[in-house]
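See below for the structure under consideration.
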Amino acid sequence: MAIRNARAVKRSSSSSSFSAVTTVIFIAFCVLGAYMLTSSSMVPARSTDGSSFVTSTSSRISKFISYDRPPSDESSDGGGGSGVQQGSGESRDDDGVSVKSLIREVVEEVPKEGGEQKNENTEEYMRKEEETEDRKVQEQIEDVSSDGGSGTRAENQQEQEEQRYPTNAEENDRNQREEKTYEDRTDLSKQETKIQNVGEQIKDETQMQDENGESKEENQIQEENGEGKLETQLQDEKEGKGEPELQNENRESTEESGNGTGEGKEESQLQNESEETQEESQVQNGSDKDKEQDQHPQKVEDEKLESVQLTEERNNGNEKKPESTEEESSGDKNPEIRFDDSGDAQESQLANQTEKQVDLNTESFSDTDQSETRMHDGSWDMQTNQSENEKERPDEQEVKSGSGHSDGKGGSGSDGYTWQLCNVTAGPDYIPCLDNEEIIMKLPSRRHFEHRERHCPEESPTCLVPLPQGYKHPVEWPKSRDKIWYHNVPHTKLADVKGHQNWVKKTGEYLTFPGGGTQFIHGADLYIDFIRQAVPKIAWGKQTRVILDVGCGVASFGGYLFNKDVLTMSFAPKDEHEAQVQFALERGIPAISAVMGSQRLPFPSGVFDIVHCARCRVPWHAEGGMLLLELNRALRPGGYFVWSATPVYQKLKEDAEIWTAMKSLTASMCWELVTIKKHKVNGVAAAIYRKPTTNDCYLSRKHNQPPMCAEDDDPNAAWYVPLQPCLHKAPIDSSERGSQWPEQWPRRLRVSPYWLNNSQTGIYGKPAPADFNADYEHWKRVVSKSYLSGLGISWSNVRNVMDMRAIYGGFAAALNDLKVWVMNVVNIDAPDTLPIIFERGLFGIYHDWCESFSTYPRTYDLLHADELFSRLKKRCNLVAVIAEVDRLVRPGGKLIVRDDSSTISDVESMLKSLHWEVRLTFFSSDKQGILSAEKTDWRPL
């Protein structure tokens, strides 16, 4: 009662001093408050509607209620150790204040949400307040008495407490200011105390509250950061990694809150134990998923990326480029997805893709660069190493022009790029590396068709090829095999010269192709059956899958072999017969512009099942059979050479002389003449030869002509490598490529080649067979879950496809069920995996994308570039590469790019300046992206 009266007198007069008991109370609250403010596990008050007392009091008791289990004891000296005591039914702080009483105090004084504040002026409230104070004072007096504290000590500290808490009125004002400051989340430490930097501790409290699920902002933070961040953090912590930023923050917080004392260390330990408890709970909740992630990290990463739902965000054309921003660097894990806005039906289909999934899978082979670098010095060669004479063309070094002059007219896009039309003689048919007139005019000789070989400009052109007047979107396959729009390839010379042989005819607004050829006037179908009957072991579409057609004309032979499940790589020189290769590609038949000249063809050795020549006008017998020896290099051991030409069946003097020379040459090459078969319907005949599978014949020859190639001559070197009139030995070791025939189609598409073994390391770091299989499964997932339905591409309009950076051919294999063909390009500075692509029944070519590709403009419906442009930026002019992409793709054609976000942004900017429609841009959490765009009819004025 004495204490109560003293407090009453103080409230009425405000002039009496604190009693000894009151001093003890303030000491208790002061010590407890100071101790709790230094804790790194403080939890801010959940309610922002109550008085500032809620914030202050909840901070005092937060360390007692934020842990699921009590931390271990630590020895204390003078009460400076742990404020939590074990072994009793109730926890108390250093000054003996009951935790339960503190919690009860908070519960009684915190206003309910939505309710009104208690009226402190009412007598009932004051009576209850006084009774509560009485109970607390009695408990504290007993505790203080047992500690033996002196009154003198209490009087000495009373003045300090009065300075810190002068009056109730001032305290209320300060608390109100603190409440406002807390709500604004700024400068909290200036209002709380001078003892510690509370701002850093509040940051730790918020982090702890987010992890324990106690904050109302938990769901928002999870949506911003994504569930994948937590799973990755848990996985990294299992592996002993962890997130550096969080580790640094925890380390800094521990140093600041501990101030080098045992108190700070203990609180850091308490926080770490709490985090481990929460993480263990999360690991248990998703243990199955984490175990699967440990065992199959590639699969889990794919599935996590596949689970990202497309969010439709319309692209108005003025959005910021998705470069590295502060949001990305601060750990924002939200995938960014942008759709371009369009009014056509296909864009309407894109708008409905919000329920689809984009399978970026950028983590699946995250070690590609490192693995490939290692492989270059190991089991994988590159064309840059194999081809000794790459770009060693002295005639071209003297000429530094010919890069494709502009015509002075141009147009600029919204992103600062200025484009101009190419001012060249070839006009709409411009192929930079085949139409370099300045270099061609300076060639010392054309004897070996050097003028039809590649002569690329010193600087790759950045001009744009114009469209032919009246150009229309191509006829779809399979109708395109029989007819194309005349204005797309407006050339009639072949129709005039070869029309009677059913090559091509002009029919109204179409050019039509009856399916004939010089050696099969009555149709390619009959001719194909004729070859099968001549040699049944050829077995189209089973034993025989990949063919090279030399001097293809309009490629009707290859076009009709599609019905037999056979892929044909057709080639012919440009302009020998006007636009013949362009006709083939416009029809949807694979072809390239190339010539049997002075250099090797851009293919590996021993990869074609059959080489076919139907009146191809190549002098095989000349100069020691150098050209036929090049075919021998490209032909698979045990493969066939089908030669249908007049020397086989005509008796004219010239023909007879050629036939005699061919008999001698093929015998010295150890080729077996399997049969000479006549085709009565077409009035022709074919000689069919077979390449040996052993070296027995080579070793038993009386004359070493043609000679065997030198031991250091790499038969796979094919990039600007001069021809050599020599024979390469046949592989005889059962583990060597070429020693066995591949599996029958279609099994050979799916199985790892027999010559890949577990002792070899694959491109992505696994044993080679497992690497091959993982790549195949990877691309099957990407194609089925993303490309076929998630990019807004109408695949019925797609026929000619190019993979600009093929590895094992997995992308092409994944498209096998579609009515498309894929040109697999293996870059010359990449591991030479092109033989693997051929082995599985696909085809491809070597190329350097710093140069132009050997094909006509507007010949591909879709280009696919997986991590290509970021590599090319290091050594090529990326603007010239994008100009080449624009040259290759037809209006209405597509480009799919998978690369890092910076490169994606660069490509997107250039495509928009070219007026391409960027249909989709997607960025994943690891700064990888995917872009889908469509070419329009735009050309600069």
Side-chain angles (χ1 to χ4, degrees), residues 383 386-399 402 431-457 548-553 569-578 580-581 591-603 605 608 611 613 615-635 641 643 645 647 654 657-658 661-662 664-666 668-669 705-707 709-710 713-715 717-728 845-847 851-852 854-855:
Q383 278 299 310
Q386 295 170 316
S387 304
E388 299 176 353
N389 297 311
E390 178 190 358
K391 292 188 178 180
E392 292 183 2
R393 291 163 289 179
D395 295 330
E396 297 178 28
Q397 301 299 326
E398 301 174 359
V399 182
I431 304 176
C433 289
L434 298 181
D435 292 319
N436 196 345
E437 295 179 351
E438 292 188 56
I439 290 181
I440 292 174
M441 295 297 295
K442 295 178 181 282
L443 291 175
S445 172
R446 299 190 180 191
R447 179 183 175 187
H448 298 105
F449 288 85
E450 290 90 345
H451 60 297
R452 299 302 182 198
E453 294 179 330
R454 290 174 58 84
H455 303 282
C456 297
L548 180 66
D549 188 16
V550 183
C552 61
M569 175 74 75
S570 303
F571 78 92
K574 184 180 181 182
D575 291 336
E576 285 303 306
H577 281 141
E578 187 184 39
Q580 53 187 330
V581 170
I592 60 170
S593 291
V595 65
M596 299 291 299
S598 65
Q599 298 173 351
R600 288 179 177 177
L601 297 172
F603 310 116
S605 67
F608 290 101
V611 176
C613 166
R615 202 79 174 267
C616 55
R617 298 174 61 191
V618 176
W620 300 119
H621 60 290
E623 299 189 57
M626 189 164 57
L627 298 181
L628 193 63
L629 290 169
E630 171 60 7
L631 289 191
N632 183 78
R633 183 190 69 87
L635 184 62
F641 174 56
W643 184 38
E654 182 180 4
E657 291 176 352
I658 293 175
M662 282 290 289
S664 175
L665 176 61
T666 55
S668 65
M669 292 171 57
Q705 290 295 330
C709 297
D713 188 308
D714 187 348
W719 189 246
Y720 294 125
V721 174
L723 293 179
Q724 296 293 332
C726 63
L727 289 167
H728 292 94
I845 192 172
Y846 295 120
H847 186 61
E851 302 178 356
S852 177
S854 295
T855 191

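None of the values given here were measured: they were computed from a predicted structure.
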Given the options F571, Y846, F608, F603 meets ring-ring contact (aromatic ring centres under 6.0 Å, His included) only with F608

Evaluation steps, side-chain contact (heavy atoms from CB on, under 4.5 Å), between S445 and F449: CA-CA 8 Å; S445 172; F449 288 85; over 6 Å; no

CD1 of I592 to NZ of K574, rounded to nearest 0.5 Å, is 14.5 Å

Shortest non-hydrogen pair, E453 vs H448, comes out as OE2-O, 4.4 Å

Looking only at heavy atoms, the pair that brings S668 and P706 closest together is OG-CD, 3.4 Å

query = Below 4.0 angstrom, N of the basic side chain to O of the carboxylate: do D713 and R600 qualify?
reply = yes

* Could you tell me whether the side chain of Q599 and the main chain of V721 form a donor-acceptor pair under 3.5 Å? => no

Closest heavy-atom pair, W719 versus Q383, reported as atoms and distance to 0.1 Å, is N-OE1, 3.2 Å

Rounded to the nearest 0.5 Å, the CZ atom of F641 sits from the CG atom of N632 at a distance of 10.5 Å

OH of Y720 to SG of C456, rounded to nearest 0.5 Å, is 4.0 Å

The reported gap from CD1 in I439 to CZ in R454 (rounded to nearest 0.5 angstrom) is 11.5 Å

Interatomic distance, NE2@H455 vs CD1@I440, rounded to 0.5 Å, equals 6.0 Å

